[in-house]
Amino acid sequence: TYRILKKDLSQMNVGSFFYDLEAYDALVAGSDEIWSFTSKFMRFIPEYFGIGISRPMFSYASSGISLSNPPKKQFDAIVRGLKAFKKISVRDKITQNWVSESTGRSDVQLVIDPTLLNPFFKVVNTQKKEQIAVYGEHFSDEQVEAIRKFAHGKNWKLVAIAWKHAWCDSYLEADCAGDVQQCFAE
């Protein structure tokens with residue numbers, strides 16, 4: 001996702017965030033796969049889990065969908081950090097399940113990816129298109145099979161957005177959050 005948001009981030013001053021956390025009354029972790037640090041594309045950032053943070057923590061649409069077998073000592077620290085969050089929302093069922101099960105929390109809410117919340121889409125084509133937008137980098141073989149089967153049963157095309165997938169019929173490039181939103185609008 002950094003690749004997609006790089007253009008947007010280059011226009012913002014986000015570099016000093018971790019240097020003065022005490023300057024904030026509360027902190028929000030999210031969104032995206034900030035908790036998937038065992039993926040080869042991510043790294044462990046303790047602050048994303050509330051570790052070492054004395055301010056109230058909240059999560060919005062965070063994901064750990066690619067988290068796999070973290071070291072026990074690290075995972076124990078993560079669980080302690082997540083238990084201290086005031087509220088947690090996540091953007092996928094896998095993350096909702098592991099956060100709930102590992103922390104004992106029953107209040108982990110499932111919410112939509114915030115890149116899809118912009119109400120100001122510019123719709124250029126109002127004709128109904130029989131296609132499915134495929135947005136995401138990681139899909140299991142079972143997910144791909146289910147998506148393809150559903151699309152085939154409806155005779156709909158699969159359109160990959162932002163990440164190319166050989167199993168999709170076409171691909172739409174997205175270089176920033178606005179591009180992603182516009183792809184969904186069209």
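Small disclaimer: the values here were computed from a predicted structure and weren't measured.
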> What distance do Asp92 atom CG and Ser36 atom OG have between them, rounded to the nearest 0.5 Å?
Replying inline: 8.0 Å
> Quick one: are Val159 and Leu172 in side-chain contact, heavy atoms under 4.5 Å?
Replying inline: yes
>> Please evaluate residues Val134 and Ile161 with respect to the criterion side-chain contact (heavy atoms from CB on, under 4.5 Å), reporting the C-alpha separation (whole Å), side-chain torsions for both, the decisive distance (0.1 Å), and the verdict.
In response: CA-CA 6 Å; Val134 177; Ile161 299 174; over 6 Å; no
> What orientation do His165 and Phe139 show, parallel under 30°, tilted 30 to 60°, or perpendicular over 60°?
Replying inline: perpendicular
> Are any non-hydrogen side-chain atoms of Trp35 and Leu67 less than 4.5 angstrom apart?
Replying inline: no
> Is there a donor-acceptor pair under 3.5 Å between the side chain of Ser59 and the backbone N or O of Ser89?
Replying inline: yes
> Side chain of Ser66, backbone of Thr38: donor and acceptor closer than 3.5 Å?
Replying inline: no
> For the residue pair Phe49 and Phe44, does the interplanar ring angle fall in the parallel (under 30°), tilted (30 to 60°) or perpendicular (over 60°) class?
Replying inline: parallel
> Is the shortest distance from a Lys or Arg side-chain nitrogen in Lys72 or Asp76 to a carboxylate oxygen in the other one below 4.0 Å?
Replying inline: yes
> From Leu158 CG over to Phe150 CZ, what is the distance, rounded to the nearest 0.5 angstrom?
Replying inline: 10.0 Å
>> Nearest 0.5 Å, please: how far is CE in Met57 from CD in Glu47?
In response: 8.5 Å
>> If you count heavy atoms of other groups shown closer than 6.0 angstrom to CD of Gln143, is the number above 12?
In response: yes
> Can you check whether Gly64's main-chain N or O pairs, donor with acceptor, with Trp98's side chain at less than 3.5 Å?
Replying inline: yes
> Step by step, would you call Phe85 with Val99 a side-chain contact (heavy atoms from CB on, under 4.5 Å)?
Replying inline: CA-CA 11 Å; Phe85 274 59; Val99 170; over 6 Å; no
> Counting N and O atoms only, with roles assigned by atom type, does the side chain of Glu33 sit under 3.5 Å from a partner on the main chain of Ile65, one being a donor and the other an acceptor?
Replying inline: no
> Step by step, would you call Val108 with Val90 a side-chain contact (heavy atoms from CB on, under 4.5 Å)?
Replying inline: CA-CA 7 Å; Val108 180; Val90 297; 3.9 Å; yes
